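Keep in mind that what you see is a predicted model, and the values were worked out from it rather than measured. Just so it is clear, the values below take in all heavy atoms, side chains as well, and ignore hydrogens, waters and symmetry mates. A note on names: the letters A, B, ... follow the listed sequences, proteins ahead of strands, and every chain is numbered from 1.
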Amino acid sequence: MSLAGIVFYILAVISISMVGVLVLITTNYDLSLAETVFYILAAISLVGALGVVATRNVIYASFLLLTSLMGVASIYLLLLAEFLALVQILIYGGAVIIVILFFIMLTRVHEVKSITDNSQKPFAFITSLLVFGLLLAGILNSNIEVGERSSVPFTELGTSLFTQWAVPFEVASLVLLIALIGAIVIARPKEDE
Amino acid sequence: MSLIHFQILSAAMFSIGLYGVLARRNALLVLLSIEIMLNAVNINLVAFSSYAESAQEVGQIIAIFIITVAAAEVGLAMAIILRLFRDRSSVDLDDIDLMKW
């Protein structure tokens, strides 16, 4: 058997067992399939995010960030926002993480021995816990009238983006251009170096 | 599965990102934490737009703008950190006190 065939069979076994696990969780805990998928994706996103703030290695941190962001992209799919899921994967998976990895490769920043956490750590922990409590209290005490999940057609999104939101769209393109030029100017070595 | 699930996920991710921004000394790790916070905000926007009954596309369009600004911010911040690393061979935020008075 060729290597591709072996890889195909392994992937098939993994997918089938994942479907089995999904069905098992769904029937055991009396959840709908969408809820099970949501909890799994939320766990992936949160564990990735926690890893980013807990690890001391910048390379691990950037790959954990990628995991977390792909989890967020799947959450967008669950919210029926297909276009945003695509944009998320393209921009974060294809651009931001690549830029960060190139930066780590070019600077050898990971070889610099430095303490990654500062002395404010306990205060930071308390502050973030307080903010989370505040947000949670606000969320649980609000009763917002909402409908059901529904998707936005691509055509409607595009029409709105290029008519009602045309000026902010152009401003966003200018922001990107200026940021790119600024990045080149800042990162370029000085004349006498 | 209702809107509250997504809101709580968003709040949790935002708090984790906030902890990272406050507790980290490495400039690169602070930048990664800011990305987590921006994504938490985006989850909230997209969730509300998905559950809304009218003007649904607005939340998604603002999320697209946030992603654009985040990408621009990463490019610019990388250039600044690169410059700092070349000049001072350190990315420790506690060492950068040029504008402290």
Taking L101(A) as the starting point, is it possible to reach V74(B) by hopping between hydrophobic residues whose side chains are less than 4.5 Å apart? yes
Treating Ile, Leu, Val, Met, Phe, Trp and Tyr as nodes and any side-chain heavy-atom pair under 4.5 angstrom as an edge, say whether I36(B) and I8(B) lie in one connected cluster. no
The interface call for Y39(A) against chain B, heavy-atom contacts under 4.5 Å, is side chain
Where is the tightest heavy-atom contact between L157(A) and E57(B), given as atom of each residue plus distance? CD1-CB, 3.8 Å
Most contact-rich option vs chain B, by heavy-atom pairs under 4.5 angstrom, among V99(A), V171(A), L161(A), V87(A), is L161(A)
Give a yes or no on whether the backbone of A47(B) and the side-chain of R149(A) come within a donor-acceptor separation of less than 3.5 Å. no
Pairs of heavy atoms under 4.5 Å with chain A: top-ranked of A70(B), A72(B), S50(B), A79(B): S50(B)
Over all heavy atoms of both residues, which pair between G182(A) and L76(B) is shortest? Give the atoms and the distance, please. C-CD1, 3.8 Å
Can you find a pair of side-chain heavy atoms, one from N39(B) and one from Q88(A), that are under 4.5 Å apart? yes
Tell me, for S68(A) versus chain B, whether the close heavy atoms (under 4.5 Å) come from the side chain, the backbone, both or neither. side chain
Which bit of L64(A) is near chain B, if near means a heavy-atom gap under 4.5 Å: side chain, backbone, both or neither? neither
Pick one of side chain, backbone, both or neither for L50(A), based on which atoms fall under 4.5 Å of a heavy atom in chain B. both
Taking the side chain as every heavy atom from C-beta outward, state whether I61(B) and S160(A) have any pair of such atoms under 4.5 Å apart. yes
Please round to the nearest 0.5 Å and tell me the distance separating atom CZ of F169(A) and atom CZ of F65(B). 7.5 Å
Considering only residues two or more places apart or on different chains, which pairs with a residue in residues 69-101 of chain A satisfy ring pair (Phe, Tyr, Trp, His ring centres under 6.0 Å)? F83(A)-F154(A)
Could you tell me whether the side chain of N42(B) reaches within less than 4.5 Å of the side chain of V72(A), counting heavy atoms only? no
Choice from I80(B), V69(B), I67(B), V30(B) maximising heavy atom contacts with chain A below 4.5 Å: I67(B)
Under 4.5 Å from a heavy atom of chain A, the part of I16(B) involved: both
Rounded distance [0.5 Å steps], CG in L29(B) versus CZ in R56(A): 10.5 Å
Under 4.5 Å from any heavy atom of chain B, what part of E148(A) do you find: side chain, backbone, both or neither? backbone
Quick one: of V96(A), V131(A), L46(A), V185(A), who has the most non-hydrogen atom pairs under 4.5 Å with chain B? L46(A)
Heavy-atom distance under 4.5 Å to chain A: side chain of L31(B), backbone, both or neither? neither
Ignoring hydrogens and angles, tell me if any N or O in the side chain of T68(B) forms a donor-acceptor pair with the backbone of A172(A) under 3.5 Å. no
Does the side chain of W165(A) reach to within under 4.5 Å of the side chain of V58(B), using non-hydrogen atoms? yes
Considering only heavy atoms and a distance below 4.5 Å, find which of L84(A), L65(A), L180(A) pairs most often with chain B. L84(A)
Which bit of I186(A) comes within less than 4.5 Å of chain B, counting heavy atoms only: side chain, backbone, both or neither? both
Quick check for you: to the nearest 0.5 Å, what is the distance between Q120(A) atom CD and R24(B) atom CZ? 13.5 Å
Sorted by chain and number, sequence neighbours left out, side chain to side chain contact (heavy atoms under 4.5 Å, CB included) with L86(A) holds for none
Determine whether L32(B) and V58(A) make a side-chain contact, defined as any pair of heavy atoms from C-beta on separated by less than 4.5 Å. no
For I62(B), is it the side chain, the backbone, both, or neither that has a heavy atom closer than 4.5 Å to a heavy atom of chain A? side chain
In terms of heavy-atom proximity below 4.5 Å to chain B, should P168(A) be classed as side chain, backbone, both, or neither? both
Honestly curious: do V21(A) and V47(A) fall in one hydrophobic cluster under the side-chain, below-4.5 Å linking rule? no
With hydrophobic residues grouped by side-chain heavy-atom distances under 4.5 Å, do M70(A) and L80(A) end up in a single group? no
Please give me the minimum heavy-atom distance between L135(A) and F14(B), naming the atom from each residue. CD1-CD2, 4.3 Å
Name the member of S45(A), A81(A), S150(A) that forms the most heavy-atom pairs with chain B at distances under 4.5 Å. S150(A)
What part of L78(A) is in contact with chain B, defined as an atom under 4.5 angstrom from a non-hydrogen atom: side chain, backbone, both or neither? side chain
Gap separating the CZ atom of F6(B) from the CD1 atom of I139(A), nearest 0.5 angstrom: 13.0 Å
Exercise: identify the closest heavy-atom pair between L79(A) and I43(B): CD1-O, 4.3 Å
The reported gap from CD in E35(B) to CD1 in I97(A) (rounded to nearest 0.5 angstrom) is 8.0 Å
Let me confirm one number: the CD-CD distance from Q60(B) to E82(A), rounded to the nearest 0.5 Å. 8.0 Å
Work out which heavy atom in S128(A) is nearest to a heavy atom in Y19(B); give both atom names and the distance. OG-CB, 3.5 Å
Measure distances from S151(A) to the heavy atoms of chain B and classify the residue's part below 4.5 Å as side chain, backbone, both or neither. backbone
Out of E53(B), M13(B), M78(B), which one racks up the most heavy-atom pairs below 4.5 Å with chain A? M78(B)
Largest heavy-atom contact set with chain A, pairs under 4.5 Å, which of G20(B), A11(B), A63(B): A11(B)
Can you name the closest pair of heavy atoms from R188(A) and R83(B) and give their distance? O-NH1, 2.8 Å
Would a hydrophobic clustering, with Ile, Leu, Val, Met, Phe, Trp and Tyr connected at side-chain separations under 4.5 Å, put L22(B) with F132(A)? no
Chain B contact via A34(A) - which portion, at a heavy-atom distance below 4.5 Å: both
